[in-house]
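Protein chains get the first letters and strands the later ones, always in sequence-line order, with residue 1 at the start of each.
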Protein chains: 2
Amino acid sequence: MTYLIGQTAEKLGINPSTLRYYDKEGLLPFVQRSEGGIRQFCDTDFEWIRLIECLKSTGMPIKDIKQFIDWYIQGDSTLEKRRDMFYERKTAVQKQLEEVKKTLEIINYKCWYYDTAIIAKNENIRTEDIEMPEEIRQYKKRLVTGI
Amino acid sequence: MTYLIGQTAEKLGINPSTLRYYDKEGLLPFVQRSEGGIRQFCDTDFEWIRLIECLKSTGMPIKDIKQFIDWYIQGDSTLEKRRDMFYERKTAVQKQLEEVKKTLEIINYKCWYYDTAIIAKNENIRTEDIEMPEEIRQYKKRLVTGI
DNA sequence: TCTTGACTTAAACTTGACTTTAAGTATTAA
DNA sequence: TTAATACTTAAAGTCAAGTTTAAGTCAAGA
């Protein structure tokens, strides 16, 4: 079972131009062509593309993803390089995770702050005197103002 | 205690040009000026800037952040709008968190895969036969190939 | 055969958030 | 007074990752 570029694009939610762009950049060397030169995407190709998207989401630039794919093509002699690359990505993603958690903590504080201000009908609330969840209290301590 | 733009930039790890750019875009209307027109950043300003960075990290564009700051300046009549905005941000960040977790799951699988392949000294491992952590097994089930 | 969608190269354009440059003026601490 | 740093406007440049356009050719299913 193979798919044309348009069907693949539809299936994966990616613009066909993007797929051609990836191909041009050397990210899709494994995609087979028909005798007439038409790209034939298969399930394995979809998994590669999902992996490319995954690597992109870790903050990896296209040229580094190409490097990884080149290593893959070179075979077993590059296994260590590829492993090291994934461990680097792991560190990067763990950092991302920490940052997103911190951001969520701040946003949760703001949601609490505005809920409270709206109940009070204005922003002049002395939040020290108000009952609040412990994680909000923890975050609040780090602020100079309650903005 | 106030700080010049250069000191502020240093303290926050932001380029002075970026701070002037934010000011020009209307993100820093609260920063006071000396009689001579020199910006005087104080601790409250730092907190505003940290909040701007937080909102940016949620994927919010500059113009939407400006909208929020305009609402803040308008006062209590915009409390609901600001609350709604933060709840939207909360949804966005929760989604980010889920995506980062999924990414980490994939990367963890790859780390496991390469560790295993390196022990086997090549990639022709029949991973079905190998002992693996449960979360790896779960992820692997969703793959067509072991790539 | 016809029509739809595929292919190619090559370049131009887009987006958002800066960053840099230029060119001159003003402030301020020592 | 002087040196360091600040200020201004305005425009141009940068960056990555696409997206679009053009202009023509080719493939393949009905």
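Between A:Phe68 and B:Tyr114, the angle of the ring planes goes over 60°, which puts this pair in the perpendicular group of the 30/60° scheme.
When the side-chain nitrogen and oxygen atoms of B:Ser34 are compared with OP1 and OP2 of C:dT27, none of them lie within a distance under 4.0 Å. OP1 and OP2 of C:dA17 both lie 4.0 Å or more from every side-chain N or O belonging to B:Thr18. Residue A:Tyr22 places at least one side-chain N or O closer than 4.0 Å to OP1 or OP2 of D:dG18. In this model, the phosphate group of D:dT20 is approached by a side-chain N or O of A:Asn15 to a distance below 4.0 Å at OP1 or OP2. Proximity of B:Lys56 to the phosphate of C:dC18: a side-chain N or O atom is located under 4.0 Å from OP1 or OP2. Here A:Arg39 does not reach the OP1 or OP2 of C:dA6: none of its side-chain N or O atoms lies under 4.0 Å away. Phosphate proximity of C:dT8 to A:Arg33: present, with a side-chain N or O under 4.0 Å from OP1 or OP2.
If you check every strand for non-hydrogen atoms under 4.0 Å, A:Ser17 touches a base. Among the protein residues, A:Pro16 comes within range of no part of the nucleic acid, since none of its heavy atoms lies under 4.0 Å from any strand.
Annotation: B:Trp48 is in aromatic contact with B:Tyr72 [ring centroid separation under 6.0 Å]. A:Phe86 has its ring centre no less than 6.0 Å from the ring centre of B:Tyr113.
Taking the side chain of A:Tyr21 as heavy atoms from C-beta on, and the options D:dT19, C:dC7, C:dC18, the nearest nucleotide is D:dT19. Residue A:Leu4 has its side chain nearest to C:dA6 when only D:dG18, C:dC7, C:dA6 are considered.
When the nearest nucleotides of DNA chain C are assigned to A:Ile5 and B:Lys24 by heavy-atom distance, the more 5′-ward of the two goes with A:Ile5. Taking for each of A:Gln40 and A:Ile14 the nucleotide of DNA chain D with the nearest heavy atom, the 5'-most of the two is the partner of A:Ile14. Sequence order on DNA chain D of the closest nucleotides to A:Lys63 and B:Gly6 puts B:Gly6 first from the 5' end.
Under a 4.5 Å side-chain heavy-atom cut-off, the cluster of Ile, Leu, Val, Met, Phe, Trp and Tyr residues that includes B:Tyr87 has no other member.
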